[in-house]
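Counting starts at 1 for both ligands and their atoms, following the listed order. For the numbers below, each heavy atom of this structure counts, side chains included, while hydrogens, waters and symmetry mates do not.
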Amino acid sequence: MIKSAYLQRVYNDVLTRDPNEKEFHQTVLEVLESLDQIIDQHPEYERRGIIEAFVEPERIISFRVPWVDDRGGIHINRGYRVQFNSAIGPYKGGLRFHPTVNLSILKFLGFEQILKNSLTTLPMGGAKGGSDFDPKGKSDDEVMRFCQSFMTELQRHIGQFVDVPAGDIGVGGREIGYLFGQYRRVRGTYAAGVLTGKGLTFGGSLVRTEATGYGICYLTQEMLKHMRNDSFEGKTVVISGSGNVAIFATEKAMQLGAKVVGLSDSNGYIHDPDGIKLDVIKDIKLNRRARIKAYADEVPGSTYADGFRGIWSIPCDIALPCATQNEIDAGTAKLIVKNGAMAVTEGANMPCYPEAVQIFQEAGLLVAPSKAANAGGVATSGLEMSQNSMRYSWTFEEVDHRLKDIMANIFQNIYHAAEECGKPGDLVVGANLAAFKKVADSMLTQGLI
Ligand code: NDP
């Protein structure tokens with residue numbers, strides 16, 4: 001519930017202007033509820049229309065993406081780039097290729113990205129883009145032709161000082177390679193800083209592949225240490241998803257002494273009470289691009305069940321939802337609480353409905369919100385941009401060390417912001433406030449743009 005009349009008016013305008021964008025409404029409401037804590041101390045935000053501007057993207061680009069499949073069939077997909085806010089730096093945010101992609105989802109992700117990027121302390125504005133194209137089941141050549149067509153249009157809207165896309169669901173190293181190749185071909189310039197998540201042989205950064213998953217665990221470790229005097233050591237962990245984020249969260253949680261017993265994909269989930277065998281899952285998902293069901297066929301003692309939500313029936317100490325948005329509803333949250341979890345870190349963007357977060361917080365679980373927890377990915381993209389500008393590469397250890405420092409700083413910032421506004425321990429509010437202040441003050445200082 002929003003208390004401030006000004007914030008409520010802004011929210012009502014968002015609902016009226018785009019009534020069908022439910023994911024976008026959900027994230028705007030969460031952030032405006034947090035801003036309630038500080039809005040009275042900042043009359044200048046209302047006077048200068050800062051919140052109205054904050055919820056309206058600077059620019060939305062939508063375009064046709066024609067491509068030809070291996071049998072000669074013609075397909076037309078829709079491509080988008082939402083350039084949401086560039087007050088603190090060039091637009092930065094991933095590209096998602098998934099059949100569910102629409103403007104509501106990209107606006108929600110772009111809006112979250114503004115705040116996430118602000119938390120990293122690096123100079124990056126917020127954006128998100130993608131397409132309703134489904135890479136699943138497509139050949140490498142089909143994916144290449146799609147990426148080339150997508151970039152043929154996108155290239156006119158991006159650049160190292162303008163907008164720097166990266167990966168997200170359905171866009172990994174393979175897709176970034178094809179996108180970068182097409183950018184280079186069309187523009188006739190080797191501008192490495194135009195995309196991040198590149199291969200290591202053409203300007204990519206060590207640790208970028210691992211960064212989001214590792215960062216989630218670094219932030220969780222800080223939260224456990226400072227708020228419970230505890231750690232991952234000896235804990236049982238369940239992680240949803242089995243893509244880039246989930247796999248490297250699994251790797252780091254194991255390195256920190258935890259046992260990961262469950263992973264999922266959009267069809268179902270696996271349970272391995274002895275602990276997931278990382279090499280097997282990496283081979284299945286990263287090399288063979290197969291379904292997670294294959295794990296149970298290959299590893300004795302493990303089981304597979306249909307339906308991805310069932311994963312949350314596996315008891316755990318720490319839950320890391322790392323698949324997609326709105327995976328954990330109130331019923332699932334109650335189950336996780338009943339099974340005795342102590343912490344939930346949102347690895348995916350907005351994996352929990354607001355009711356679920358409330359249930360966790362009321363039950364005394366630690367909750368780390370996604371815009372803080374998964375910021376390690378974009379932070380390391382920022383480090384990739386720095387290395388591209390310097391024409392220099394840091395070692396794995398150097399980048400990992402910086403990532404760890406960034407995640408520790410993010411934890412401190414959001415923890416103290418929550419305390420300062422009188423909501424100690426509420427890292428959801430803390431993250432929104434710590435992130436918003438810098439963006440809002442930059443918008444104020446730069447005048448109406
Ligand atoms: P991937 O495409 O590598 O993996 C996504 C995983 O989630 C797959 O296991 C996929 O299963 C599952 N999944 C996707 N959609 C659904 C769905 N509707 N229902 C159930 N499961 C689903 O993506 P990432 O690992 O890169 O991204 C995961 C999350 O992390 C997303 O929310 C993304 O926005 C967020 N994120 C990613 C960052 C990155 O650096 N990659 C950075 C910050 C946030 P299946 O294979 O069956 O589709």
Within the heavy-atom cut-off of under 4.0 Å, ligand 1 is lined by R96, H98, K136, D168, I169, G170, R208, T212, G241, S242, G243, N244, V245, S264, D265, S266, R291, F308, C322, A323, T324, G347, A348, N349, N374

Compare all side-chain heavy atoms of [X] with those of [Y] and state whether any distance is below 4.5 angstrom.
X: Y178; Y: D140; value: yes
X: Q26; Y: Q325; value: no
X: V14; Y: K107; value: no

What residues, two or more places apart in sequence or in another chain, satisfy salt bridge (Lys or Arg N to Asp or Glu O under 4.0 Å) together with D163?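 For D163 the salt bridge (Lys or Arg N to Asp or Glu O under 4.0 Å) partners, ignoring immediate neighbours, are R81.
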
Let's go through S104 and E23 carefully: what are the C-alpha distance in whole Å and the side-chain angles of both, what is the deciding distance for side-chain hydrogen bond (donor to acceptor under 3.5 Å, both in side chains) to 0.1 Å, and is it a yes or a no? CA-CA 6 Å; S104 172; E23 290 87 0; 2.7 Å; yes

Which class fits the ring pair F133 and F146: parallel under 30°, tilted 30 to 60°, perpendicular over 60°? parallel

